[in-house]
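Each remark here refers to the structure printed beneath this line.
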Amino acid sequence: MKGRVLWVSGRHCQIESGGRDWTCQLRGRLKRGHRLTSSPVVAGDWVEFISAPDGIEGVVEHVLPRLSKIARASAGTKAHEQIFAANVDQCIVVVSASQPALRPRFIDRAIVVTLMGNTEPVICINKIDLEPAASYRVVAELYRGLGYRVLLTSATTKEGSDELFQLLKNKTSAFMGQSGVGKSSILNCIEPGLAIRTNVLMANHDRGKHTTTLTQLHRLGEGIYVADTPGIKRLQPFGLNQSELVRYFVEMEPLATDCHYRDCLHTTEPRCAVSAAHDAGKIDSLRYESYQRFMEDL
Ligand code: GDP
Ligand code: ZN
């Protein structure tokens, strides 16, 4: 049978198929994963499984190719790819207008990670009730100008929550954001009582030898699936080369072919078309500086 993984814990996973849930075992290769990834089976994966004759516990046979994923590099000396969720339609990048302060650089990193995983970013600026002067509008317009969808929300006044709900309908969405920006609160506007336990899951994963899931796929009404990602302090993409970074900065990428040097990284090189566009005011300084800082980390 074919089904979708809701979560993984140790040697077991929960699968939704044919209108019910099945508990299945992971065996061998699927249990351990291989050297470069700790994520052989993740929330959102489509799998083929055999339901057991006693109807109690099936076995996962095969993971179908992932169409998209939300992943990052693990912390530590030997980084591997940590996949939070697979087959995600969109990634809701949540930042707060205030408390904690709005961080455009987090947005840029999240956009890179999202595009690398073949998923579409949507930017959600939450806690707008805390900023009556609406200074976040500059940031909202910047990203709208780049072609990204930007939602303005408040979990307190519920402003924007209907727009978010409409956007989530019949889709699988990942939520990504630093802790405290209000991810759980805005999800609770949509489904009161929804328990998001990301930090607990993350703690288990760090400790254990088991393949404990980083993420759970929550089912809300109206065909909404939500994958929560752990409260992320630092978002480091996995396997990104310096020369590839420009691909994920949508306004810079088309200029790169006009640089004098073919291997230009658009940092300090002379006759760089990206720097020239920035000097001419055609590339926003926030984005240009964000690119420079990002490059230093690669
Ligand atoms: P998470 O770590 O991203 O899941 O953030 P939480 O949902 O736990 O929210 C962190 C804190 O911010 C809590 O004290 C919330 O009550 C508060 N909060 C969340 N959303 C809003 C909002 O839109 N406006 C205001 N004023 N506070 C909010
Ligand atoms: Zn250049």
Side-chain angles (χ1 to χ4, degrees), residues 84 91-103 106-107 110 123-136 140 150-165 173-203 214-216 218 226-233 235 241-249 251-280 282-283 287-289 291-292 294-295:
F84 296 122
C91 181
I92 316 293
V93 177
V94 186
V95 288
S96 56
S98 178
Q99 298 177 32
L102 184 51
R103 294 265 321 270
F106 181 85
I107 300 178
I123 295 147
C124 174
I125 304 179
N126 187 40
K127 303 199 191 184
I128 57 169
D129 58 292
L130 295 179
E131 280 290 306
S135 53
Y136 52 81
V150 180
L151 301 183
L152 302 174
T153 62
S154 164
T156 306
T157 66
K158 306 234 183 317
E159 196 175 336
S161 68
D162 194 55
E163 193 184 351
L164 178 61
F165 175 70
S173 308
F175 274 67
M176 190 185 283
Q178 296 181 305
S179 82
V181 296
K183 294 178 297 296
S184 332
S185 304
I186 48 176
L187 279 168
N188 263 286
C189 288
I190 289 168
E191 178 130 322
L194 187 71
I196 303 279
R197 297 181 305 125
T198 50
N199 295 333
V200 177
L201 293 172
M202 191 63 186
L214 293 172
T215 308
Q216 184 170 347
H218 300 273
V226 167
D228 50 343
T229 61
I232 292 166
K233 282 209 197 72
L235 200 52
N241 297 326
Q242 288 190 326
S243 62
E244 292 166 342
L245 181 61
V246 75
R247 286 186 207 167
Y248 305 105
F249 280 75
E251 73 279 48
M252 301 182 196
E253 203 263 332
L255 302 172
T257 48
D258 296 337
C259 297
H260 181 69
Y261 296 103
R262 271 196 62 196
D263 57 355
C264 186
L265 294 176
H266 327 296
T267 53
T268 55
E269 295 89 343
R271 296 166 73 185
C272 165
V274 174
S275 313
H278 171 244
D279 292 342
K282 289 178 191 148
I283 291 176
R287 292 274 293 172
Y288 185 73
E289 276 153 31
Y291 174 89
Q292 306 298 328
F294 208 141
M295 186 61 81

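Residues: numbered from 1 along the sequence shown. Ligands are counted one by one from 1 in listed order, and the atoms in each one are counted from 1 as well. Just so you know, these numbers use all the heavy atoms, side chains as well, and skip hydrogens, waters and symmetry mates.
The closest protein non-hydrogen atom to atom 27 (N) of ligand 1 is Thr156 OG1, 3.6 Å. With respect to atom 7 (O) of ligand 1, the closest heavy atom belonging to the protein is Ser185 OG, 2.6 Å. Of the protein's non-hydrogen atoms, the one nearest atom 26 (N) of ligand 1 is Asp129 OD2, 2.8 Å. Atom 12 (O) of ligand 1 has its closest protein heavy atom at Lys127 NZ, 3.0 Å. Nearest non-hydrogen protein atom to atom 2 (O) of ligand 1 is Gly180 N, 2.8 Å. Here the heavy atom of the protein found nearest to atom 8 (O) of ligand 1 is Ser184 OG, 4.0 Å. In terms of protein heavy-atom proximity, atom 5 (O) of ligand 1 is closest to Gly182 N, 3.0 Å. When hydrogens are left out, the protein atom nearest atom 20 (N) of ligand 1 is Asn126 ND2, 3.2 Å; that is the closest non-hydrogen contact.
Between Ser161 and Cys189 the shortest heavy-atom distance is CB-CB, 4.1 Å.
Of the N and O atoms on the side chains of Asn126 and Thr153, at least one donor lies less than 3.5 Å from an acceptor on the other residue.
Under 2.8 Å from the Zn ion (ligand 2) lies no N/O/S atom of His260, from backbone or side chain alike.
Checking only distances, Lys183 does come within under 3.5 Å of ligand 1, N or O to N or O. Close N/O approach between Ala155 and ligand 1 is found [any backbone or side-chain N/O within under 3.5 Å].
The distance from ligand 1 to the heavy atoms of Leu130 drops below 4.0 Å at these ligand atoms: 26 (N). With ligand atoms numbered from 1 in the order given, ligand 1 contributes 3 (O), 5 (O) to contacts under 4.0 Å with heavy atoms of Val181.
Side-chain contact between Met176 and Leu235 is present, with heavy atoms from C-beta onward closer than 4.5 Å. In this structure the side chain of Ile283 reaches within 4.5 angstrom of the side chain of Met252, judged on heavy atoms.
Taking CD1 of Ile190 as the reference point, atom NE2 of His218 lies at 13.0 Å (rounded to 0.5 Å). Here CD of Glu163 is found 4.5 Å from CG of Leu151. Values are rounded to the nearest 0.5 Å.
A side-chain donor-acceptor contact under 3.5 Å links Glu269 to the backbone of His266.
With the Zn ion (ligand 2) as the vertex, SG (Cys272) and SG (Cys259) define an angle of 110°, rounded to 10°.
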Residue pair Tyr288, Ser275: steps toward the side chain to side chain donor-acceptor pair (under 3.5 Å) verdict: CA-CA 8 Å; Tyr288 185 73; Ser275 313; 3.2 Å; yes
Show the numbers, then the answer: is there a side-chain contact (heavy atoms from CB on, under 4.5 Å) between Phe175 and Ile186? CA-CA 10 Å; Phe175 274 67; Ile186 48 176; 4.1 Å; yes
Assess whether side-chain contact (heavy atoms from CB on, under 4.5 Å) is satisfied between Ser96 and Ile125, documenting all intermediate values. CA-CA 5 Å; Ser96 56; Ile125 304 179; over 6 Å; no
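Looking at His266 and the Zn ion (ligand 2) together, the shortest N, O or S contact belongs to ND1.
Atom 22 (C) of ligand 1 is flagged as protein-proximal [any protein heavy atom, distance under 4.0 Å].
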